[in-house]
2 protein chains.
Amino acid sequence: MTEAAAINAVMRTLADPTRRAVFERVVKSNEITVVELTRGSGVTQGAISQHLKSLKLAGLVAERPEGRNVYYRAEPEGLAPLVDWMSHYGVFWRERFANLRTLLKEIDP
Amino acid sequence: MTEAAAINAVMRTLADPTRRAVFERVVKSNEITVVELTRGSGVTQGAISQHLKSLKLAGLVAERPEGRNVYYRAEPEGLAPLVDWMSHYGVFWRERFANLRTLLKEIDP
DNA sequence: CTAATGCATTAGTCAACACTAATTTTATCG
DNA sequence: CGATAAAATTAGTGTTGACTAATGCATTAG
(Lines give C-alpha, C1' and ligand atoms only; values in the text may rest on other atoms or scores of the structure.)
Protein backbone atom coordinates (compact mmCIF):
# COMPACT_ATOMS: atom_id res chain seq x y z
CA MET A 1 0.00 0.00 0.00
CA THR A 2 1.38 3.36 -1.06
CA GLU A 3 1.70 6.30 1.28
CA ALA A 4 -1.21 8.23 -0.22
CA ALA A 5 -3.43 5.15 -0.21
CA ALA A 6 -2.62 4.50 3.44
CA ILE A 7 -3.50 7.96 4.71
CA ASN A 8 -6.56 7.82 2.53
CA ALA A 9 -7.72 4.55 4.05
CA VAL A 10 -7.11 5.64 7.63
CA MET A 11 -8.79 9.03 7.23
CA ARG A 12 -11.73 7.59 5.43
CA THR A 13 -12.15 4.79 7.96
CA LEU A 14 -12.01 7.08 10.98
CA ALA A 15 -14.30 9.68 9.43
CA ASP A 16 -17.48 7.82 10.34
CA PRO A 17 -18.50 8.58 13.95
CA THR A 18 -19.91 5.14 14.66
CA ARG A 19 -16.86 3.38 13.31
CA ARG A 20 -14.54 5.74 15.15
CA ALA A 21 -16.45 5.02 18.36
CA VAL A 22 -15.92 1.31 17.75
CA PHE A 23 -12.22 1.89 17.29
CA GLU A 24 -12.04 3.96 20.46
CA ARG A 25 -13.71 1.21 22.45
CA VAL A 26 -11.28 -1.33 21.02
CA VAL A 27 -8.40 0.91 22.02
CA LYS A 28 -9.63 1.36 25.55
CA SER A 29 -10.27 -2.34 25.98
CA ASN A 30 -7.30 -4.62 25.83
CA GLU A 31 -9.35 -7.14 23.92
CA ILE A 32 -13.06 -7.04 23.21
CA THR A 33 -15.58 -9.25 21.44
CA VAL A 34 -18.20 -8.32 18.88
CA VAL A 35 -21.12 -8.80 21.26
CA GLU A 36 -19.53 -6.50 23.79
CA LEU A 37 -18.94 -3.92 21.09
CA THR A 38 -22.50 -4.26 19.91
CA ARG A 39 -23.89 -3.70 23.40
CA GLY A 40 -24.73 -0.01 23.78
CA SER A 41 -23.52 0.86 20.31
CA GLY A 42 -26.97 1.72 18.99
CA VAL A 43 -26.50 -0.39 15.87
CA THR A 44 -26.94 -4.06 15.06
CA GLN A 45 -24.32 -6.76 15.34
CA GLY A 46 -24.03 -6.93 11.57
CA ALA A 47 -23.16 -3.27 11.40
CA ILE A 48 -20.45 -3.74 14.03
CA SER A 49 -18.96 -6.62 12.07
CA GLN A 50 -18.92 -4.46 8.94
CA HIS A 51 -17.16 -1.65 10.76
CA LEU A 52 -14.63 -4.08 12.18
CA LYS A 53 -13.95 -5.34 8.68
CA SER A 54 -13.25 -1.79 7.50
CA LEU A 55 -11.01 -1.13 10.49
CA LYS A 56 -9.16 -4.36 9.80
CA LEU A 57 -8.64 -3.49 6.13
CA ALA A 58 -7.26 -0.11 7.20
CA GLY A 59 -4.84 -1.88 9.50
CA LEU A 60 -6.34 -0.33 12.62
CA VAL A 61 -7.43 -3.51 14.39
CA ALA A 62 -6.49 -7.18 14.46
CA GLU A 63 -8.48 -10.24 15.47
CA ARG A 64 -7.91 -13.31 17.58
CA PRO A 65 -10.53 -16.01 17.20
CA GLU A 66 -11.08 -18.16 20.26
CA GLY A 67 -13.87 -20.68 20.17
CA ARG A 68 -17.10 -19.00 19.24
CA ASN A 69 -15.76 -15.59 20.12
CA VAL A 70 -13.49 -13.30 18.13
CA TYR A 71 -11.43 -10.94 20.21
CA TYR A 72 -10.42 -7.67 18.59
CA ARG A 73 -7.49 -5.52 19.61
CA ALA A 74 -6.02 -2.28 18.30
CA GLU A 75 -3.13 -2.48 15.87
CA PRO A 76 -0.28 -0.14 16.90
CA GLU A 77 0.99 0.49 13.39
CA GLY A 78 -2.43 1.48 12.16
CA LEU A 79 -2.24 5.13 13.07
CA ALA A 80 1.24 5.57 11.63
CA PRO A 81 0.01 7.05 8.32
CA LEU A 82 -1.90 9.66 10.27
CA VAL A 83 1.13 10.48 12.39
CA ASP A 84 3.24 10.75 9.26
CA TRP A 85 0.72 13.01 7.58
CA MET A 86 0.65 15.31 10.58
CA SER A 87 4.41 15.31 10.71
CA HIS A 88 4.47 16.42 7.11
CA TYR A 89 2.02 19.22 7.75
CA GLY A 90 3.34 19.66 11.24
CA VAL A 91 3.80 23.38 10.95
CA PHE A 92 0.47 23.51 12.70
CA TRP A 93 1.78 21.74 15.72
CA ARG A 94 3.81 24.70 16.86
CA GLU A 95 1.01 26.16 18.89
CA ARG A 96 0.30 22.81 20.46
CA PHE A 97 3.77 21.45 21.05
CA ALA A 98 3.45 21.99 24.80
CA ASN A 99 0.85 19.24 24.76
CA LEU A 100 3.16 17.03 22.78
CA ARG A 101 5.93 17.70 25.24
CA THR A 102 3.67 16.59 28.07
CA LEU A 103 2.73 13.50 26.15
CA LEU A 104 6.33 12.62 25.47
CA LYS A 105 7.12 12.88 29.17
CA GLU A 106 4.35 10.42 29.90
CA ILE A 107 5.65 8.08 27.26
CA ASP A 108 9.32 8.28 28.10
CA PRO A 109 9.82 9.78 31.58
CA MET B 1 -18.49 23.58 19.13
CA THR B 2 -18.09 20.59 21.42
CA GLU B 3 -15.00 18.41 21.41
CA ALA B 4 -16.71 15.49 19.71
CA ALA B 5 -18.24 17.73 17.07
CA ALA B 6 -14.87 19.30 16.35
CA ILE B 7 -13.00 16.06 15.77
CA ASN B 8 -15.95 14.88 13.77
CA ALA B 9 -15.83 17.91 11.48
CA VAL B 10 -12.07 17.76 10.97
CA MET B 11 -11.99 14.04 10.27
CA ARG B 12 -14.90 14.21 7.94
CA THR B 13 -13.52 17.20 6.09
CA LEU B 14 -10.08 15.70 5.58
CA ALA B 15 -11.44 12.30 4.59
CA ASP B 16 -12.11 13.31 1.00
CA PRO B 17 -8.91 13.04 -1.12
CA THR B 18 -9.71 16.00 -3.34
CA ARG B 19 -10.50 18.25 -0.42
CA ARG B 20 -7.46 17.06 1.48
CA ALA B 21 -5.31 17.86 -1.57
CA VAL B 22 -6.78 21.37 -1.60
CA PHE B 23 -5.91 21.77 2.06
CA GLU B 24 -2.38 20.53 1.47
CA ARG B 25 -1.88 23.04 -1.32
CA VAL B 26 -3.18 25.82 0.89
CA VAL B 27 -0.75 24.76 3.61
CA LYS B 28 2.22 24.71 1.27
CA SER B 29 1.34 28.08 -0.20
CA ASN B 30 1.42 31.03 2.12
CA GLU B 31 -1.66 32.43 0.44
CA ILE B 32 -3.40 31.13 -2.66
CA THR B 33 -6.40 32.10 -4.74
CA VAL B 34 -9.25 29.95 -6.00
CA VAL B 35 -8.11 30.05 -9.64
CA GLU B 36 -4.65 28.88 -8.66
CA LEU B 37 -6.18 26.08 -6.61
CA THR B 38 -8.43 25.13 -9.49
CA ARG B 39 -5.53 24.90 -11.91
CA GLY B 40 -4.38 21.29 -12.06
CA SER B 41 -6.92 20.12 -9.52
CA GLY B 42 -8.89 18.04 -11.99
CA VAL B 43 -12.21 19.52 -10.87
CA THR B 44 -14.15 22.66 -11.69
CA GLN B 45 -13.85 26.01 -9.96
CA GLY B 46 -17.24 25.50 -8.35
CA ALA B 47 -16.09 22.27 -6.76
CA ILE B 48 -13.02 24.01 -5.35
CA SER B 49 -15.18 26.74 -3.85
CA GLN B 50 -17.37 24.10 -2.25
CA HIS B 51 -14.37 22.34 -0.75
CA LEU B 52 -13.02 25.64 0.54
CA LYS B 53 -16.35 26.28 2.19
CA SER B 54 -16.17 22.93 3.97
CA LEU B 55 -12.59 23.58 5.03
CA LYS B 56 -13.60 26.98 6.34
CA LEU B 57 -16.51 25.57 8.32
CA ALA B 58 -14.16 23.02 9.85
CA GLY B 59 -11.84 25.84 10.86
CA LEU B 60 -9.01 24.59 8.67
CA VAL B 61 -8.66 27.62 6.39
CA ALA B 62 -9.38 31.34 6.48
CA GLU B 63 -9.98 33.82 3.69
CA ARG B 64 -8.82 37.31 2.85
CA PRO B 65 -10.76 39.01 0.04
CA GLU B 66 -8.83 41.52 -1.99
CA GLY B 67 -10.51 43.06 -5.00
CA ARG B 68 -11.71 40.34 -7.29
CA ASN B 69 -9.50 37.73 -5.68
CA VAL B 70 -9.95 35.82 -2.46
CA TYR B 71 -6.76 34.62 -0.85
CA TYR B 72 -6.95 31.51 1.30
CA ARG B 73 -4.54 30.55 4.02
CA ALA B 74 -4.33 27.67 6.48
CA GLU B 75 -5.72 28.20 9.96
CA PRO B 76 -3.25 27.00 12.63
CA GLU B 77 -5.88 26.06 15.21
CA GLY B 78 -7.75 23.92 12.74
CA LEU B 79 -5.80 20.72 13.29
CA ALA B 80 -5.93 21.01 17.08
CA PRO B 81 -8.88 18.62 17.46
CA LEU B 82 -6.96 16.02 15.51
CA VAL B 83 -3.87 16.52 17.66
CA ASP B 84 -6.00 16.24 20.79
CA TRP B 85 -7.66 13.09 19.55
CA MET B 86 -4.31 11.49 18.82
CA SER B 87 -3.04 12.58 22.19
CA HIS B 88 -5.98 10.85 23.80
CA TYR B 89 -5.40 7.64 21.88
CA GLY B 90 -1.67 8.27 21.90
CA VAL B 91 -0.81 4.84 23.19
CA PHE B 92 -0.10 4.10 19.58
CA TRP B 93 2.53 6.74 19.37
CA ARG B 94 4.95 4.81 21.51
CA GLU B 95 6.43 3.02 18.56
CA ARG B 96 6.78 6.29 16.71
CA PHE B 97 7.95 8.60 19.43
CA ALA B 98 11.42 8.77 17.97
CA ASN B 99 9.88 10.54 15.00
CA LEU B 100 8.03 12.87 17.30
CA ARG B 101 11.22 13.62 19.16
CA THR B 102 12.88 14.58 15.89
CA LEU B 103 9.93 16.75 15.01
CA LEU B 104 10.00 18.51 18.34
CA LYS B 105 13.68 19.28 17.85
CA GLU B 106 12.89 20.88 14.53
CA ILE B 107 10.14 22.92 16.09
CA ASP B 108 12.01 24.01 19.19
CA PRO B 109 15.74 23.55 18.65
C1' DC C 1 -20.23 51.87 -20.12
C1' DT C 2 -19.29 47.25 -21.66
C1' DA C 3 -16.65 43.21 -21.46
C1' DA C 4 -14.19 40.10 -18.93
C1' DT C 5 -12.49 37.95 -14.71
C1' DG C 6 -12.72 35.80 -9.98
C1' DC C 7 -15.54 33.61 -6.94
C1' DA C 8 -19.83 31.83 -4.83
C1' DT C 9 -24.09 29.48 -5.24
C1' DT C 10 -27.75 26.67 -7.13
C1' DA C 11 -30.14 22.63 -9.02
C1' DG C 12 -29.63 18.18 -10.53
C1' DT C 13 -27.17 13.69 -11.10
C1' DC C 14 -24.63 9.65 -9.85
C1' DA C 15 -22.07 6.81 -6.80
C1' DA C 16 -20.71 5.63 -2.24
C1' DC C 17 -22.02 4.00 2.09
C1' DA C 18 -24.08 3.16 6.64
C1' DC C 19 -27.66 0.58 8.20
C1' DT C 20 -31.24 -3.25 8.86
C1' DA C 21 -33.13 -7.68 8.45
C1' DA C 22 -32.26 -12.11 7.29
C1' DT C 23 -29.35 -15.91 6.36
C1' DT C 24 -25.12 -18.71 6.84
C1' DT C 25 -21.35 -20.66 9.24
C1' DT C 26 -18.94 -22.34 12.98
C1' DA C 27 -18.63 -23.66 17.68
C1' DT C 28 -20.23 -24.79 22.33
C1' DC C 29 -23.77 -26.68 25.63
C1' DG C 30 -27.49 -29.79 27.31
C1' DC D 1 -27.89 -34.96 18.19
C1' DG D 2 -30.61 -30.74 18.40
C1' DA D 3 -30.49 -26.18 20.37
C1' DT D 4 -28.22 -22.02 21.24
C1' DA D 5 -24.84 -18.47 20.63
C1' DA D 6 -21.14 -15.65 18.25
C1' DA D 7 -19.83 -13.71 14.21
C1' DA D 8 -19.74 -12.90 9.21
C1' DT D 9 -22.12 -12.08 5.09
C1' DT D 10 -25.74 -10.82 1.85
C1' DA D 11 -29.40 -8.17 -0.42
C1' DG D 12 -31.97 -4.24 -0.20
C1' DT D 13 -32.92 0.64 1.29
C1' DG D 14 -32.30 5.50 2.32
C1' DT D 15 -29.16 9.16 2.78
C1' DT D 16 -25.24 11.65 2.08
C1' DG D 17 -22.10 13.92 -0.61
C1' DA D 18 -18.94 15.08 -4.52
C1' DC D 19 -19.31 16.72 -8.86
C1' DT D 20 -20.88 19.42 -13.17
C1' DA D 21 -23.13 22.92 -15.60
C1' DA D 22 -25.21 27.06 -15.26
C1' DT D 23 -26.17 31.30 -13.14
C1' DG D 24 -25.42 35.27 -10.11
C1' DC D 25 -22.56 38.80 -8.15
C1' DA D 26 -18.92 41.74 -7.55
C1' DT D 27 -14.74 43.96 -9.27
C1' DT D 28 -11.36 45.37 -12.64
C1' DA D 29 -9.92 46.25 -17.54
C1' DG D 30 -10.48 48.42 -22.06
Side-chain angles (χ1 to χ4, degrees), chain A residues 4-26 29-75, chain B residues 4-26 29-75:
Chain A
I7 181 64
N8 209 44
V10 172
M11 286 271 195
R12 198 186 168 296
T13 302
L14 292 177
D16 180 68
T18 306
R19 188 163 44 233
R20 193 170 60 252
V22 169
F23 175 71
E24 292 170 358
R25 282 188 69 184
V26 173
S29 317
N30 187 18
E31 277 191 334
I32 186 168
T33 64
V34 179
V35 269
E36 288 179 273
L37 282 171
T38 304
R39 192 187 333 253
S41 69
V43 295
T44 63
Q45 174 264 318
I48 295 294
S49 277
Q50 288 170 8
H51 285 309
L52 287 169
K53 186 176 183 179
S54 299
L55 289 166
K56 193 173 101 180
L57 285 177
L60 290 167
V61 302
E63 52 184 345
R64 182 180 65 85
E66 183 178 299
R68 281 190 299 195
N69 303 319
V70 176
Y71 290 89
Y72 280 88
R73 63 179 184 279
E75 193 67 26
Chain B
I7 181 63
N8 210 42
V10 172
M11 285 274 196
R12 200 191 164 293
T13 302
L14 292 177
D16 180 68
T18 305
R19 188 161 47 232
R20 193 170 61 251
V22 169
F23 176 70
E24 291 171 357
R25 283 187 71 184
V26 172
S29 316
N30 187 18
E31 277 191 334
I32 187 167
T33 65
V34 179
V35 268
E36 289 179 272
L37 282 171
T38 303
R39 192 186 335 255
S41 70
V43 295
T44 63
Q45 174 265 317
I48 295 294
S49 278
Q50 289 170 8
H51 284 309
L52 287 170
K53 186 175 182 179
S54 299
L55 289 167
K56 193 173 101 181
L57 285 178
L60 290 166
V61 302
E63 51 184 347
R64 180 179 65 85
E66 182 179 299
R68 280 190 301 195
N69 303 320
V70 176
Y71 291 89
Y72 281 88
R73 64 179 182 280
E75 193 66 27

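Keep in mind the model is a prediction, meaning the values are calculated, not measured. Each chain gets a letter, A, B and so on, in the order its sequence line appears, and its residues count up from 1.
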Contact between Leu52(A) and Glu63(A) at the side-chain level, heavy atoms closer than 4.5 Å - yes or no? no
Counting primed atoms, P, OP1 and OP2 as sugar-phosphate and everything else as base, the B/S/- map of nucleotides 19-30 of chain D against protein heavy atoms under 4.0 Å is BB------BB--
Does some side-chain heavy atom of Ser41(A) sit less than 4.5 Å from a side-chain heavy atom of Val22(A)?
no
Taken to the nearest whole Å, CZ/Arg64(A) to C1'/dA27(C) is 16 Å
ask   = Is there side-chain contact between Ile7(A) and Arg20(B), with at least one heavy-atom pair below 4.5 Å?
value = yes
note: Tyr71(A), atom OH; dA7(D), atom P; distance rounded to Å ~ 8 Å
Lys53(B) atom NZ is separated from dA18(D) atom P, nearest whole Å, by 13 Å
We want to know whether Ser54(A) and Gln50(A) form a side-chain donor-acceptor pair, criterion being a heavy-atom distance below 3.5 angstrom.
no
note: Ile48(A), atom CD1; dA5(D), atom P; distance rounded to Å ~ 20 Å
Fill in: Leu14(B) side chain near Leu60(B) side chain, heavy-atom distance below 4.5 Å
yes
Atom CZ of Arg39(A) and atom P of dA5(D) are separated, to the nearest Å, by 13 Å
Per side-chain contact (heavy atoms from CB on, under 4.5 Å), Thr38(A) is matched among Thr33(A), Val43(A), Ile48(A) by Ile48(A)
Check your understanding: Tell me, do Asp16(B) and His51(B) make a side-chain contact under 4.5 Å, heavy atoms counted?
Key -> yes
Where do N or O atoms of nucleotides 14-16 of chain C meet protein N or O atoms at under 3.5 Å, pair by pair?
residue: dA16(C); atom: O3'; partner: Arg12(A); partner atom: NH2; Å: 3.3

- Message: Is any side-chain heavy atom of Ser49(A) closer than 4.5 Å to one of Gln45(A)?
- Response: yes
